[in-house]
Amino acid sequence: MQVQQLHPWPTTTAEAEAVQDRLRGRVELTGPVDFALVAGLDVHYHGEDALTAAVVVLDAGTMATVEEVTVRGRVAFPYVPGLFAFRELPALVEALERLTVTPDLLVCDGYGLAHPRGFGLACHLGVLTGLPALGVGKTPFVGTHEPPGPERGDWAPIVHEGAVVGRALRTQREIKPVYVSQGHRISLDTVTDQVLRLAPRYRLPDPIRRADHLARHPD
DNA sequence: GCGACAG
DNA sequence: ATCTTGTCGC
């Protein structure tokens, strides 16, 4: 599939923040409710600055794998909270470009709107591809929230600077919640529905679990 | 000012 | 993210 060009690539944190501030205006917070092909994305790190990006596309109806891509690369930016996306973006974009099918939804490992400048990895990938995208975080980042109820499907809003930016969502009974937020072209209700639907058995959505496995065991 | 801080 | 043992459960 076609993905918008990344350049110019930032060198400093100020430049990276400026990229986020510029692209933030392109995020759309409404979109489709139904998705036929869902892609899970993840990156595995080796040693100092080597990484493998993986994308797994699955049929949302059957959960069968439609296509898998891995790309080896290098860390593209130092880790700075809030600028995490710049580490993995080039490898993930290359993996998406190598897909022969176009997914209808990107399920990203990290945050979207629930981010210091409202533009996490899921927003960035959504804007560059033009595709609906959502983010799933495993640990709290920005904002505050009450603990969600204990049942699968229970959730609590994440509030940051007076706005609801995501939800702490319980995907399995009495299991630590995940932190979901909008990336691009999707509502928060649809994010919640999709993450629940895609995580029928485990804490994390299946597309992310499969991408994680593939990134660790390419071939 | 100091600490905390997605992966 | 990654460095790591044993342990609990399907």
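Everything quoted here is computed from the prediction, not taken from an experiment. All chains are named by letter (A, B, ...) in the order of the sequence lines, taking the proteins before the strands, and each is independently numbered beginning at 1. Hydrogens, waters and symmetry mates play no part in the numbers below; they use all other heavy atoms, side chains included.
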Is the closest basic N to carboxylate O distance between A/R173 and A/D154 below 4.0 Å?
-> no

- Taking NZ, NE, NH1 and NH2 as the nitrogens, is one of them in A/D206 or A/R201 under 4.0 Å from a carboxylate oxygen of the other? no

Check: Does atom CD of A/E146 have more than 12 heavy-atom neighbours, drawn from other residues, nucleotides or ligands, at distances under 6.0 Å?
Finding: no

Besides A/L214, the hydrophobic cluster formed by Ile, Leu, Val, Met, Phe, Trp and Tyr side chains linked at under 4.5 Å, directly or via other members, contains A/V56

Ignoring hydrogens and angles, state whether a donor on the side chain of A/R167 or A/T192 is under 3.5 Å from an acceptor on the partner side chain.
yes

Practice item. Would you please say whether a donor-acceptor pair under 3.5 Å links the side chains of A/Q20 and A/R117? Key: yes

On DNA chain C, more 5' by nearest nucleotide between A/R201 and A/H46 is A/H46

Please answer whether the main-chain N or O of A/R170 pairs with a side-chain N or O of A/R152 as donor and acceptor at a distance below 3.5 Å.
no

Flag, side chain of A/R197 to backbone of A/A60, donor-acceptor distance under 3.5 Å: yes

_Run A/L51 and A/H44 through side chain to side chain contact (heavy atoms under 4.5 Å, CB included) and show every step you take._
CA-CA 5 Å; A/L51 54 77; A/H44 181 243; over 6 Å; no

So the ring pair (Phe, Tyr, Trp, His ring centres under 6.0 Å) pairs with at least one residue in residues 193-219 of chain A (sequence neighbours excluded) are A/H213-A/H217

Problem - A/F77 ring center near A/W9 ring center (under 6.0 Å) - result: no

Pairs under 3.5 Å (Watson-Crick or G-U), crossing ones as [ ], inter-strand ones as |: DNA chain B comes out as .......

Query raised in the report: Honestly curious: do A/V164 and A/F141 fall in one hydrophobic cluster under the side-chain, below-4.5 Å linking rule?
Result: no

Students should find that the nucleotides of DNA chain C closing off the region near chain A, any atom under 4.0 angstrom from a heavy atom, are C/dA1 to C/dT2

Under a 4.0 Å heavy-atom criterion, the protein footprint on nucleotides 2-7 of chain B, written with B, S and -, is ---SBB

Applying the Watson-Crick and G-U criteria (both distances under 3.5 angstrom) with [ ] for crossing and | for other-strand pairs, one obtains for DNA chain C ..........

